[in-house]
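Okay, so here's the structure we're looking at.
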Amino acid sequence: MSDDKPGADAYTLWTDSRIQDEIEKRTGKPPAQLFEEREQRLRDAVALKTPDRVPVVLYTGYLPFRYTGLRNSAAFYDPDAYRPALIKTLLDFPSDCFFAAHINMSGRAQEILGDTQCAWAGGSFPEDQGYQFFGEDLLKEDEYDLFITDPSDFMLRYYLPRRYKALAPLATLPSPTAMIGSGILHSTPLFRTPEVAEAFLALSKAGEEQAKFRKCDTEVSKLMGIPEFMAPVPNPLCAPPFHQIVDYLRGLRGTLLDMYRRPEKLFAAMDSIMEWSLARAGAADSEEFGKQRIMAGGNHFSSEEFISRKQFDTFVWPTWKKCLLGLIERGYVPRWLMEGKNDDRIEPFLELPKGKSIIHFEKVDMHRAKEILGGHMCIAGNVPAGLLWGGSPQEVEDYCKDLIEVCGKDGGFILTSGGSMDDAKPENLNAMLHAVEKYGRYN
Amino acid sequence: MNDELIRAISELDEDRAVLLANKALDDGESPTDILDDCNAAMAIVGDRFEKNEYYLAELMMSGEILERISGIVKPRVEASGTNGKEKGRIVIGTVRGDVHNIGKDIVIFMLEVGGYTVYDLGIDVPEEKFVQAIREKNPQMVCLSGLLTAVFPVFRSTIDAIKEAGLRDRVKIAVGGGQVDDKVLAYTGADGYGSVASMAVTLANQWISS
């Protein structure tokens, strides 16, 4: 960094109160007040009212690492790096809200477990990549019935042993339902075998490593007065069932072929996943609004690049809609990302109740999206990550101005990027933050 | 031409297509004729994909059906080779630092359906491997794929490496990926770009076929 701002390292030495004093010095307001004001802005946007101005969200992703001169691999191997990097990023680019899309994952723990389905920066990925889950064929084509009728057995004795090399011996354990009545006594000799003992040891060692990666987003959010875009929840809390199958069980290829070869099994599995997801979600915390906003997945494999509108209507939307309605009923404000091109599949979202959710677009024609969804649901988006990387501040400002004027009209709009801002130029981020002040004031 | 077989494949009626292929063999149809029918069906599939009537699932299903029929028919083809005429050679790979393969694989499928011979260098491909492949395969076109904004500079360094090796004039270069646009194109110095798979075929048809 060539500016005179302190580097990320400096913030490891700052006490919490010094950070708060610094924020108050820069903004004239204590962080707690800023938090309330920013939260209100978001709340109004979701409820389709006009806030004092258009809220702007930093979709941070790996930005804190890149901006402070770290490699993405630090996200997986340096548990202490993130907090000061995040603090510096949020101080230097004060927004209404941030969304830390990077995964809270210890590379060492993953190595100990031998995750065969996942790659990450500094592991089998180059240092500046992110994270990718493959999920190819963890559920075999002839295992749908087992998965649906006894999911816990499937997860314990099929999924975990397949996914993690170190957990392969779990496949030799008895089915949990076999323990009805007989308990575990007669199975205990299994746990004496060196293989099973090793597996449990690996779990313990991985636990040591993963415990070092405590998520600090919520704490930093409170400290600095910047709400999180979404409450931290285990992923995938309520992602579209179609995507849970594509991403984590059958892979893209397997799922697409199942659409032709065994659609009835696919439907049954999606129904079950929908029910399990909602059961897991429970009721939202009604005390604090920010905790109600949650990630409801995205449609990265159900955009126009991958499936037809008819396939979307048949295979994706029915269970996804039930998930979203179920979350809304439970008091959540679901937010999801429409990745890729989605111009021909906007209308179905009109079936959701008014002012209860956030639809975040990556590449859609935003004017048209506003025409269709305006007055019905809050739209977020969609400054292209490529523009933030390669455009000029003027181009970023122009893009934001257009979004604010068209999509921001009469409220119900949140300005953010279409994808994670990993490599955004600082001057372009500033242009985006200034644009809401310059063009985004209501009345 | 066995219209029934072509229809079964292009309508993705898997069981019927396999049945018809077996029946055709039993009826004494030549294995090469059946493979020609397969090609004709795949051309229909590719065409429907272009027109957004078919999507990825249909590409994959047609590929599966083709594989099954080839498995039945190929053993009967006495190393007669395929139809022999080559439309063009294309080298493709996801550049160094990026490991995304889905976009690249769709492009490969579409180029192959379009009749091109495609050499896939895989993912996280270093600059020198592209240079080497151009020397060895003598392609008319090179496709650099990448999804991450972080690899745009690698598009450029790969093209620079091709220039330095004195091979730039021998190939047309396309950069492709979901985030690629004309700004990225200008930055990298490529000849064209694609943000969706079909743009690669359009470029190939422009650059090679004409």
Side-chain angles (χ1 to χ4, degrees), chain A residues 61-62 66 71-72 119-121 124-132 134 246 251-261 263 300-312 315 339-341 344 362-363 384-392 395 417-425, chain B residues 11-15 48-49 51-65 67 94-103 105-107 109 123-126 146-156 177-188 193-198:
Chain A
Y62 294 92
R66 324 275 306 167
R71 316 295 298 265
N72 285 7
W120 59 91
S124 57
F125 266 2
E127 297 238 38
D128 287 325
Q129 269 259 346
Y131 152 96
Q132 178 105 37
F134 303 111
V246 174
L252 180 63
R253 179 185 171 77
T255 312
L256 293 183
L257 293 177
D258 290 344
M259 284 167 38
Y260 274 92
R261 287 175 167 163
H300 43 279
F301 287 131
S302 56
S303 59
E304 290 177 33
E305 287 89 342
F306 296 101
I307 64 171
S308 68
R309 169 67 196 268
K310 195 168 162 232
Q311 287 163 341
F312 178 86
F315 289 96
E339 287 185 59
K341 257 176 71 63
D344 77 351
E362 185 192 9
K363 278 194 198 168
L387 185 65
L388 290 169
W389 165 81
S392 67
E395 286 170 309
S417 56
S420 143
M421 299 167 164
D422 304 348
D423 295 290
K425 282 187 200 147
Chain B
E11 301 289 332
L12 311 169
D13 192 341
E14 183 176 18
D15 293 339
R48 289 182 183 167
F49 186 83
K51 291 183 184 150
N52 287 339
E53 291 165 13
Y54 276 1
Y55 286 73
L56 196 51
E58 288 69 31
L59 290 192
M60 286 176 169
M61 261 319 281
S62 63
E64 289 279 306
I65 298 171
E67 209 167 287
T94 303
V95 297
R96 175 175 58 79
D98 200 340
V99 296
H100 289 90
N101 62 352
I102 293 174
D105 291 348
I106 299 173
V107 167
F109 182 95
I123 53 175
D124 193 16
V125 179
L147 186 66
L148 305 168
T149 50
V151 301
F152 294 162
V154 188
F155 283 156
R156 185 146 97 174
Q179 307 281 354
V180 176
D181 56 19
D182 45 10
K183 211 171 274 316
V184 179
L185 171 66
Y187 166 79
T188 58
Y193 80 94
S195 54
V196 294
S198 60

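In what follows, every heavy atom counts, from backbone to side chain, and hydrogens, waters and symmetry copies are set aside. Letters A, B, ... are given to chains in the order of the sequence lines, protein chains preceding strands, and every chain is numbered from 1. The structure displayed is predicted, hence computed values, not measured ones.
With chain A as partner, the option from B:Asp15, B:Asp98, B:Val184, B:Asp181 having the largest number of non-hydrogen pairs under 4.5 angstrom is B:Asp98. Listed options A:Leu256, A:Asn72, A:Asp422 were ranked by heavy-atom pairs under 4.5 angstrom with chain B; first place goes to A:Leu256. Of the listed residues (A:Glu305, A:Met259, A:Arg253), the greatest number of heavy-atom pairs within a distance under 4.5 Å of chain B belongs to A:Arg253. The most heavy-atom pairs under 4.5 Å with chain B, out of A:Gln132, A:Arg261, A:Lys310, come from A:Arg261. Interface check for chain B: of the options A:Ser308, A:Gly386, A:Ala119, the most heavy-atom pairs under 4.5 Å are formed by A:Ser308.
When all heavy atoms of A:Pro126 and B:Asp124 are compared, the closest pair comes out as CG-OD2, 3.8 Å. Considering all non-hydrogen atoms of both residues, A:Gln311 and B:Tyr55 come closest at OE1-CB, 4.1 Å.
The distance from the CG atom of A:Asp344 to the CG atom of B:Asn52 is 8.5 Å, given to the nearest 0.5 Å. Separating the NZ atom in B:Lys183 from the CG atom in A:Leu387 is a distance of 6.5 Å, to the nearest 0.5 Å.
The contact between A:Tyr260 and chain B is made entirely by side chain atoms (from C-beta outward), counting heavy-atom distances below 4.5 Å. Heavy atoms closer than 4.5 Å to chain B are found in the side chain of A:Phe301, but not in its backbone. With a threshold of 4.5 angstrom between heavy atoms, A:Leu388 does not approach chain B through any atom at all. Looking at A:Glu362, the atoms closer than 4.5 Å to chain B (heavy atoms on both sides) all sit in the side chain, from C-beta outward.
Counting only distance, with no hydrogens or angles, the side chain of A:Lys363 and the backbone of B:Gly178 share a donor-acceptor pair below 3.5 Å.
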